[in-house]
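Reviewing the structure listed below.
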Amino acid sequence: MKAVNILVLTISIIGAINWGLIGFFNFNLVEALFGAGGAARIIYALVGLCGLYLLSFYGRTGERVS
């Protein structure tokens, strides 16, 4: 499960960096790398799903890790 959490967090960070680039510089890294077609939509969908998965982290903030 730890590997899934790391993967999801990494994808979400990439998505956040992309939004930062759009906001500050009006540059969309995903579309620059993958074009505006289906591949970019898949990347956006993955980032969205990862964000939804990360919502579950709020419930785990009080867990102890051994």
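When a residue number appears, it is its place in the shown sequence, counting from 1.
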Tell me whether Leu52 shares a hydrophobic cluster with Ile13, the cluster being built from Ile, Leu, Val, Met, Phe, Trp, Tyr side chains joined at under 4.5 Å.
no
Hey, can you pull the donor-acceptor pairs under 3.5 Å for the side chains in residues 1-10, sequence neighbours left out?
{"residue": "Asn5", "atom": "OD1", "partner": "Tyr53", "partner atom": "OH", "Å": "2.7"}
{"residue": "Thr10", "atom": "OG1", "partner": "Ile6", "partner atom": "O", "Å": "2.8"}

Point-to-point distance, once rounded to the nearest 0.5 Å, from CG of Leu49 to OG of Ser12:
10.0 Å
Measure across Phe34 and Ala39 and return the closest heavy-atom pair with its distance rounded to 0.1 Å.
CB-CB, 4.0 Å
In one Ile/Leu/Val/Met/Phe/Trp/Tyr side-chain cluster, 4.5 Å: Ile17, Ile22:
no
If the condition is side chain to side chain contact (heavy atoms under 4.5 Å, CB included), which residues does Phe25 pass it with, not counting sequence neighbours?
Leu21, Phe27
Once side-chain hydrogen bond (donor to acceptor under 3.5 Å, both in side chains) is applied, what residue pairs with a partner in residues 29-44 remain, sequence neighbours excluded?
Asn28-Tyr44
In chain order, what residues pass the side chain to side chain contact (heavy atoms under 4.5 Å, CB included) check against Ile42, with sequence neighbours excluded?
Leu46
Kindly give the heavy-atom pair with the smallest separation between Val47 and Gly15, and that separation in Å.
CG1-CA, 4.0 Å
Option from Ile43, Asn18, Ile14 for which side chain to side chain contact (heavy atoms under 4.5 Å, CB included) with Leu29 holds
Asn18
